[in-house]
Trainee: 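Would you mind keeping the following structure in view while I ask a few things?
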Amino acid sequence: MERGAIPIEECPGGMDLRLTLESGQSYCWRRDDGLMYDGDDGGWYHTVVDGTDPRSAAPAGSGELIRVRQHDGSLEWESTTDAVPHLRRLLRLDDDLDAIIEETPDDPLIEEAYATHRGLRLVRDPPFPCLISFICSAQMRVGRIHGMQVTLSREFGDTLEIDDETYHAFPTPEQLAAASVEELRECSLGYRAPYVRETAEMVASGERPEDALGSAYEDARDRLTRFVGVGEKVADCVLLFSLGYLEAVPLDTWIRSAIEEHYPDCDRGSYRETSRAIRERFGEHAGYAQTYVFHFLRTGGRESEALEDT
DNA sequence: CGCCAGGCTAGCG
DNA sequence: CGCTAGCATGGC
């Protein structure tokens, strides 16, 4: 495997890998020890990325393994390829956190969240895994959403054998579309199983989530809701955590309670209008403020400690 | 046991 | 349009 390191100084505004990968925005990374939300700084995370153009008829098993940990002032990586461009893309290492925080409107809750979890970056997950993982997220806890993605990868994804270790890629649309609803239910998907299957079929037949790119924000959100199991909230998650719409603010139960408590004037009844009001309040990079506030509220304002298991 | 979790769909008025 | 019942599953 190739190896390398990216100094944290090259990440404007800093970087906290554990916060970034365990704050409930990405379900595309695994800890080596199999546990999320536990363990010390310095642990290794890994993911498998497409090694080929997704539009080509790629042969199975063409994925690239990327392993990374934060250690000694840098992001150390090991990979079957040059991981640097992948890490820059997936972890948004070029985002200037200082500038983003500076441009955010003055607000006590946002400022406390930024101060507590400094170094948390948004992610740029691959579109299909992001879409499926947030379809699975409906009425589900963060730890279990992660477990569902692990199971889906193990049951339906390609297998990579590297240095006597076994890694699983997230299943392709074709692989998930070929699964039966019963098989998906056995992965503890519950009533989300038919949603996942039907959406996988749609993507396999050519309607891809990344086709929303280029549309204005609300048009892109409307477009994503064509997928089965995708409403406005899940669409916002895909826009923010995969497609780079940094103004998206997913209105989940935590943010709704924050609106009720801290921004009651932003509650306009409908999702669309409340979304407009809170985006106006949070500024140009509203999605960054949302992600910090979400994690801050979900962890009860604590700086860092073990949260949930599985 | 009841309640809740990064909600959505279908069916109603 | 808006409103709501029903929906699987597991942890506390």
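Here is the naming used below: chain letters follow the sequence lines, and residue numbers restart at 1 for every chain.
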Trainee: Under 3.5 Å, which protein N or O atoms sit close to an N or O of nucleotides 3-5 of chain C? Give each pair with its distance.
Mentor:
none

Trainee: Within this structure, what is the OH-to-C1' distance between A:Y27 and B:dA5, rounded to whole angstrom?
Mentor: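 Rounding to the nearest Å, OH of A:Y27 and C1' of B:dA5 are 11 Å apart.
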
Trainee: Taking the inter-plane angle between the rings of A:Y245 and A:Y217 on a 0 to 90° scale, is it parallel (under 30°), tilted (30 to 60°) or perpendicular (over 60°)?
Mentor: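 Rings of A:Y245 and A:Y217: tilted, 30 to 60°.
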
Trainee: Fit a plane to each ring of A:Y27 and A:H146, take the angle between them on a 0 to 90° scale, and name the class: parallel (under 30°), tilted (30 to 60°) or perpendicular (over 60°).
Mentor: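 Tilted.
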
Trainee: Can you tabulate the close N/O pairs, meaning under 3.5 Å, that link protein atoms to atoms of nucleotides 2-4 of chain B?
Mentor:
{"unit_1": "B:dC4", "atom_1": "O2", "unit_2": "A:R141", "atom_2": "NH2", "d": "2.6"}

Trainee: Could A:R276 and A:E218 be called an ion pair, given the rule that one side-chain N must be under 4.0 Å from one carboxylate O?
Mentor: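 A:E218 and A:R276: salt-bridged.
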
Trainee: Rounded to whole angstroms, how far apart are CE on A:M140 and P on C:dA8?
Mentor: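 The distance from CE of A:M140 to P of C:dA8 comes to 11 Å, rounded to the nearest Å.
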
Trainee: For DNA chain B, whose closest nucleotide is more 5', that of A:D252 or that of A:Y195?
Mentor: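 Upstream on the strand: A:D252.
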
Trainee: Is the shortest side-chain N to carboxylate O distance from A:E201 to A:R197 below 4.0 Å?
Mentor: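 Counted as a salt bridge, because a side-chain N and a carboxylate O are separated by less than 4.0 Å.
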
Trainee: Output the rounded distance in Å from CD (A:E198) to P (B:dC8).
Mentor: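 Taking atom P of B:dC8 as the reference, CD of A:E198 is at 15 Å.
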
Trainee: Give me, pair by pair, the N or O atoms of the protein and of nucleotides 10-13 of chain B that are less than 3.5 Å apart, along with how far apart they are.
Mentor:
none

Trainee: A:P250 or A:G229: which one's nearest nucleotide on DNA chain B is closer to the 5' end?
Mentor: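 Upstream on the strand: A:P250.
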
Trainee: Group every Ile, Leu, Val, Met, Phe, Trp and Tyr by side-chain heavy-atom contacts under 4.5 Å, then state whether A:Y288 and A:Y263 land in the same group.
Mentor: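 Same hydrophobic cluster.
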
Trainee: Between atom CZ in A:F134 and atom C1' in B:dA5, what is the gap in whole Å?
Mentor: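 My rounded result for the distance is 14 Å.
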
Trainee: A:Y292: which residues meet the ring pair (Phe, Tyr, Trp, His ring centres under 6.0 Å) condition with it, sequence neighbours left out?
Mentor: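 With sequence neighbours excluded, A:Y292 shows a ring pair (Phe, Tyr, Trp, His ring centres under 6.0 Å) to A:Y114, given in chain and number order.
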
Trainee: Does the side chain of A:S137 reach to within under 4.5 Å of the side chain of A:K233, using non-hydrogen atoms?
Mentor: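 With C-beta onward as the side chain, the pair touches.
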
Trainee: Of all of residues 230-239 of chain A, which get a heavy atom below 4.0 angstrom from DNA chain B, listed by number?
Mentor: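 Correct list: A:V230, A:G231, A:E232, A:K233, A:V234.
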
Trainee: Taking the six-membered ring of A:W44 as reference, does the NZ or CZ atom of A:R67 fall below 6.0 Å from its centre and within a 45° cone about the axis?
Mentor: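 Geometry flag: set, cation within 6.0 Å and 45°.
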
Trainee: Give me the residues of residues 181-194 of chain A where at least one heavy atom lies under 4.0 Å from an atom of DNA chain B, by number, or none.
Mentor: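 Result for residues 181-194 of chain A: A:Y191, sorted by number.
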
Trainee: Is the shortest side-chain N to carboxylate O distance from A:R208 to A:D211 below 4.0 Å?
Mentor: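 Answer for the salt bridge query: no.
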
Trainee: Looking for any heavy atom pair under 4.0 Å, which part of the strands does A:F241 touch: base, sugar-phosphate only, or nothing?
Mentor: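 Base contact.
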
Trainee: Tell me: CE of A:M148 to C1' of C:dG11, nearest whole Å?
Mentor: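 Interatomic distance, CE of A:M148 to C1' of C:dG11: 15 Å.
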
Trainee: Nearest whole Å is fine: how far is B:dC8 C1' from A:L131 CG?
Mentor: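 Going from CG in A:L131 over to C1' in B:dC8 covers 13 Å.
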
